[in-house]
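This structure is a prediction, so every number in the text was calculated from the model and none was measured. The residues of the chain are indexed from 1 along the displayed sequence.
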Amino acid sequence: MTDFKRRTLILNTGKQIKLFGNSVAIGKSLELGEGYAPNIFSSGQQQPEDKSTPAVMNPHKLTPEELLEIADYNIRLWMDFKDNIRKYGASSPKIFNSDALR
């Protein structure tokens with residue numbers, strides 16, 4: 001199974017992809033990239049000097065229902081991506097959502 005360690009995405013094939021950020025993201029166009037900033041919902045410290053107390057950072061004050069909605073949206077994008085790879089292969093531009101690229 002693919003793993004993510006020390007900013008490296010390690011695939012089952014042994015291929016390793018070094019990343020600058022700490023996550024892989026997908027856009028509406030189904031293009032993949034790095035997710036750099038955990039600025040919507042994350043774990044962190046309330047005060048920089050208080051490193052022992054982790055806190056939930058939720059600057060948009062998202063409700064559990066809104067967080068689930070965001071998760072569902074992203075899951076749908078990833079499922080569409082998988083479906084398109086299976087249908088068109090990895091070298092066809094038909095993989096991408098051309099409406100979102102405009």
Side-chain angles (χ1 to χ4, degrees):
M1 186 167 147
T2 299
D3 199 5
F4 194 90
K5 293 181 182 178
R6 296 186 193 114
R7 294 189 173 179
T8 302
L9 187 63
I10 304 167
L11 305 176
N12 289 340
T13 61
K15 185 175 286 187
Q16 297 185 6
I17 302 171
K18 298 280 185 190
L19 302 173
F20 294 100
N22 58 2
S23 60
V24 177
I26 188 168
K28 187 177 181 181
S29 65
L30 302 184
E31 293 174 301
L32 305 184
E34 294 185 48
Y36 288 103
N39 57 359
I40 295 173
F41 191 75
S42 63
S43 173
Q45 285 75 37
Q46 293 287 12
Q47 302 295 325
E49 63 274 359
D50 187 12
K51 294 184 179 1
S52 64
T53 308
V56 174
M57 309 303 283
N58 186 357
H60 302 283
K61 298 183 180 17
L62 297 167
T63 66
E65 293 78 19
E66 290 167 331
L67 291 167
L68 293 174
E69 183 179 344
I70 292 170
D72 287 340
Y73 173 76
N74 274 278
I75 289 166
R76 179 73 264 155
L77 291 176
W78 284 107
M79 296 303 292
D80 289 348
F81 177 77
K82 287 176 67 173
D83 290 345
N84 287 355
I85 292 291
R86 288 183 182 114
K87 187 174 181 178
Y88 302 115
S91 57
S92 173
K94 292 180 180 179
I95 297 166
F96 304 106
N97 180 356
S98 58
D99 293 337
L101 290 170
R102 294 181 201 170

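In this view, Ile17 and Leu9, Leu11, Leu19 satisfy the side-chain contact (heavy atoms from CB on, under 4.5 Å) rule, not counting sequence neighbours. For Lys18, there are no salt bridge (Lys or Arg N to Asp or Glu O under 4.0 Å) partners, not counting sequence neighbours. Evaluation of the salt bridge (Lys or Arg N to Asp or Glu O under 4.0 Å) rule for Asp3 yields Lys5 as partners, not counting sequence neighbours. Not counting sequence neighbours, the partners of Glu66 by the side chain to side chain donor-acceptor pair (under 3.5 Å) test are Thr63.
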Decide side-chain contact (heavy atoms from CB on, under 4.5 Å) for Tyr73 and Lys28; before the verdict, give the C-alpha distance in whole Å, the side-chain angles of both, and the deciding distance to 0.1 Å.
CA-CA 10 Å; Tyr73 173 76; Lys28 187 177 181 181; 3.7 Å; yes

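Transitive grouping of hydrophobic side chains (ILVMFWY, heavy atoms separated by less than 4.5 Å) brings Leu32 and Phe4 into a common cluster. One hydrophobic cluster holds both Val56 and Ile70 under the rule that ILVMFWY side chains link at heavy-atom gaps under 4.5 Å.
Evaluation of the salt bridge (Lys or Arg N to Asp or Glu O under 4.0 Å) test over residues 79-89, restricted to residues two or more places apart or in two chains, returns Arg76-Asp80, Arg76-Asp83, Asp83-Arg86.
Closest approach of Ala90 to Ile85, counting heavy atoms only: CA-CD1, 4.2 Å. Pairing each heavy atom of Ile95 with each of Asn84, the nearest pair is O-ND2, 2.7 Å. Annotation for Asn22 and Gly35: closest pair OD1-O, 3.4 Å, computed over non-hydrogen atoms. Across every non-hydrogen atom of Ile26 and Leu77, the tightest pair is CD1-O, 3.6 Å.
Looking only at side-chain heavy atoms (C-beta outward), Arg7 and Phe20 stay at 4.5 Å or farther from each other. The closest side-chain heavy-atom distance from Phe41 to Met57 is not below 4.5 Å.
Expressed to the nearest 0.5 Å, how far CG of Leu67 lies from CG of Leu62 amounts to 5.0 Å. With rounding to the nearest 0.5 angstrom, the CH2 atom of Trp78 is 9.5 Å from the CG atom of Leu30. In this structure, CG in Asn58 is found 12.5 Å from OG in Ser43, a value given to the nearest 0.5 Å.
When atom types are taken as modelled, the side chain of Thr8 and the backbone of Ile10 share no donor-acceptor pair closer than 3.5 angstrom.
Through direct or indirect side-chain contacts shorter than 4.5 Å among Ile, Leu, Val, Met, Phe, Trp and Tyr, Leu68 is connected to no other residue.
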